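What you are looking at is a predicted structure, and each value in this text was computed from that prediction instead of being measured.
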Amino acid sequence: MGIGSHDAVKQLKALIDQVDEPLKNTFQNMHQGYPNETLVRFLKAREWNVAKTHKMLVDCLNWRIQNEIDSILAKPIVPTELYRAVRDTHLTGLSGYSKEGHPVIAIGVGLCTFDKASVHYYVQSHIQINEYRDRVILPAATRKNGRYIGTCVKILDMTGLKLSALSQIKLLTIISTVDDLNYPEKTETYYIVNAPYIFSACWKVVKPLLQERTRKKIQVLQGCGRDELLKIMDYESLPHFCKREGSGSSRHSTNGSNDCFSLDHAFHQQLYNYIKQQSLSVQPVAPLKQGSFHVDVPEDTEGSKIAQSIESEFQKFSNRNGLTHSLSGLNINGDLYD
């Protein structure tokens with residue numbers, strides 16, 4: 001950080017010191033003992049403009065209070081069958097750590113169907129994973145490495161990406177808006193692997209719409225990306241879909257405990273048990289109620305613009321290939337275009 005950066009942090013800190021007590025409390029829960037590093041993340045997201053960053057941060061703190069984000073890790077998705085259904089259709093997990101100590105989060109973008117629960121459950125699940133990462137995973141990584149670790153590496157698997165993915169764009173836009181506004185600068189690098197032709201077509205349209213700082217973080221790797229990824233992590237930390245070329249579906253691997261998307265994987269077992277324990281400590285006598293946790297999601301013009309651009313590109317793609325104009329129920333295997 002240069003001198004100007006230090007001044008910006010100082011100014012922002014002085015402004016945040018003046019907020020009401022409830023906002024101060026939620027900020028403390030958010031920064032986990034690293035307030036300056038948290039202020040820097042928000043400043044980066046607003047190009048070091050103190051006034052814009054202050055507004056973004058206060059909006060985020062109010063969002064946390066209004067939506068009870070501080071207690072979201074005490075609100076399990078029950079029953080277990082419903083949680084398993086969410087895990088099976090929102091493929092995300094922790095596969096290991098990079099050589100520099102950053103958690104490696106894998107996401108099976110191409111095979112996420114988001115069709116076994118309401119949007120609210122998927123948003124709840126996503127925020128719970130964010131909060132668990134920030135309150136448990138990253139502080140543990142910081143202690144283990146003896147230095148502050150505040151970001152993760154994400155590997156996005158595009159295996160199975162189809163034209164019918166259009167139906168998921170709205171939910172993906174909601175999730176990315178939640179991250180952009182309330183969890184900025186938490187990802188070091190995004191690696192995209194197993195990208196079929198349809199992804200390349202959309203990427204050409206989306207890339208110019210992204211902010212430069214986001215664009216710089218995205219790397220599209222050849223095939224499953226194994227050789228490139230082995231430069232920054234050990235073999236054990238590779239997600240199962242990167243371990244060998246042509247490993248097929250990222251939904252299932254030969255062993256559920258090795259599949260970081262599965263509820264049987266150690267990460268999801270620990271997360272599930274943590275949330276269960278938290279819920280018992282908050283309400284030891286009351287039975288757990290079934291019902292999703294509703295979170296307000298602000299409209300984000302950038303995310304909507306990107307979603308519309310992808311939608312129109314999918315439409316052109318379907319027309320070019322002589323496919324039906326209706327995208328619902330299309331089932332084009334991405335591997336055909338590899």
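Side-chain contact between Val78 and Tyr83 is absent, with no heavy atoms from C-beta onward closer than 4.5 Å. Side chains of Phe241 and Cys224 form no contact here, defined as non-hydrogen atoms less than 4.5 Å apart. Taking the side chain as every heavy atom from C-beta outward, Asp70 and Asn25 never approach each other to under 4.5 Å. With contacts defined as side-chain heavy-atom distances shorter than 4.5 Å, the pair His268/Leu271 qualifies. In this structure, the side chains of Gln128 and Ile77 come closer than 4.5 Å at one or more pairs of heavy atoms. Using a 4.5 Å heavy-atom cutoff, the side chains of Gln219 and Ile192 are not in contact. When side chains are defined from C-beta on, Tyr191 does not count as touching Asp157, because their heavy atoms never get closer than 4.5 Å. Between Pro103 and Ile149, some side-chain heavy-atom pair lies under the 4.5 Å cut-off.
With Trp63 as reference, Asn67 is the one residue of Leu61, Asn67, Asp59 to meet the side chain to side chain contact (heavy atoms under 4.5 Å, CB included) rule. When the options Cys112, Ser262, Cys260 are evaluated for a side chain to side chain contact (heavy atoms under 4.5 Å, CB included) with Leu91, the one that passes is Cys112. Tested against Lys154, the residues Ile107, Val104, Thr189 include a single side chain to side chain contact (heavy atoms under 4.5 Å, CB included) partner, Ile107.
Connection of Val109 to Val220 is established within a shared hydrophobic cluster, with ILVMFWY side chains joined at heavy-atom distances below 4.5 Å, either directly or through further cluster members. Tyr272 is connected to Phe267 through a chain of hydrophobic side-chain contacts under 4.5 Å among Ile, Leu, Val, Met, Phe, Trp and Tyr, so both are in one cluster. Hydrophobic clustering (side-chain heavy atoms under 4.5 Å, transitive across Ile, Leu, Val, Met, Phe, Trp, Tyr) keeps Phe42 apart from Tyr34. Tyr148 is not connected to Met30 by any chain of hydrophobic side-chain contacts under 4.5 Å among Ile, Leu, Val, Met, Phe, Trp and Tyr, and they are in different clusters. Tracing side-chain contacts under 4.5 Å through hydrophobic residues (I, L, V, M, F, W, Y), one never reaches Leu39 starting from Leu138; they form parts of separate clusters.
A salt bridge links Asp264 with Arg84: the distance from a Lys NZ or Arg NE/NH1/NH2 to an Asp or Glu carboxylate oxygen falls below 4.0 Å. Note on Glu47 versus Arg213: salt bridge recorded, some NZ/NE/NH1/NH2 to OD/OE distance being below 4.0 Å. Taking 4.0 Å as the cut-off between side-chain N and carboxylate O, Arg46 and Glu185 do not count as a salt-bridged pair.
The two atoms that bring Ser98 and Met233 nearest to each other are CA-CB, 4.0 Å, heavy atoms only. Of all the heavy atoms in Lys116 and Leu82, the pair that sits closest is O-CD1, 4.2 Å. Between Leu15 and His54 the shortest heavy-atom distance is CB-CD2, 3.6 Å. Across every non-hydrogen atom of Asp259 and His265, the tightest pair is O-CB, 3.4 Å. Considering all non-hydrogen atoms of both residues, Val19 and Ile16 come closest at CG2-O, 3.0 Å. When all heavy atoms are compared, the tightest approach of Leu181 to Met56 is O-CE, 3.6 Å.
The structure places NZ of Lys144 at 7.0 Å from OH of Tyr97, a figure rounded to the nearest 0.5 Å. With rounding to the nearest 0.5 angstrom, the CG atom of Leu43 is 12.5 Å from the NZ atom of Lys52. To the nearest 0.5 Å, atom CG of residue Asn29 and atom CG of residue Asp134 are 10.0 Å apart. Separation of atoms CZ (Arg64) and OG (Ser71) is listed at 10.0 Å; rounding is to 0.5 Å. The line from NE2 of His102 to OG1 of Thr187 is 11.0 Å long, rounded to the nearest 0.5 Å. Here CZ of Arg226 is found 11.5 Å from NZ of Lys243. Values are rounded to the nearest 0.5 Å.
Taking the six-membered ring where the residue is Trp, His31 and Phe27 present perpendicular rings, their angle passing 60° and hence far from 30°.
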Under the side-chain contact (heavy atoms from CB on, under 4.5 Å) rule, what do Gln222 and Val193 come out as? Steps first, then yes or no, please. CA-CA 7 Å; Gln222 198 69 36; Val193 301; over 6 Å; no
Please lay out, stage by stage, how Ile198 and Met158 fare under the test side-chain contact (heavy atoms from CB on, under 4.5 Å). CA-CA 10 Å; Ile198 190 170; Met158 297 293 165; over 6 Å; no
Would Arg41 and Glu37 count as a salt bridge (charged side-chain N to carboxylate O under 4.0 Å, His left out) if you check the C-alpha gap in whole Å, the side-chain angles of each, and the deciding distance to 0.1 Å? CA-CA 6 Å; Arg41 281 197 298 107; Glu37 288 80 356; over 6 Å; no
Quick one: do Leu111 and Phe261 satisfy side-chain contact (heavy atoms from CB on, under 4.5 Å)? Show the steps, please. CA-CA 11 Å; Leu111 288 166; Phe261 300 145; over 6 Å; no
Pair Arg133, Lys186 - check side-chain contact (heavy atoms from CB on, under 4.5 Å), show working. CA-CA 10 Å; Arg133 172 198 66 197; Lys186 295 300 290 189; 3.5 Å; yes
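Taking the centre of each ring, Tyr121 and His90 stay at or above the 6.0 Å mark.
Dense packing is recorded around CD of Gln269, with more than 12 heavy atoms of other residues, nucleotides or ligands lying under 6.0 Å away. When the shell of 6.0 Å around NZ of Lys10 is examined, it contains 12 or fewer heavy atoms from other residues, nucleotides or ligands.
If you check the side chains of Thr214 and Tyr190, you find no donor sitting under 3.5 Å from an acceptor. In this model, a donor atom of one side chain and an acceptor atom of the other lie less than 3.5 Å apart for Tyr183 and Glu131.
A distance-only check finds no donor-acceptor pair linking the side chain of Thr26 to the backbone of Leu23 [under 3.5 Å].
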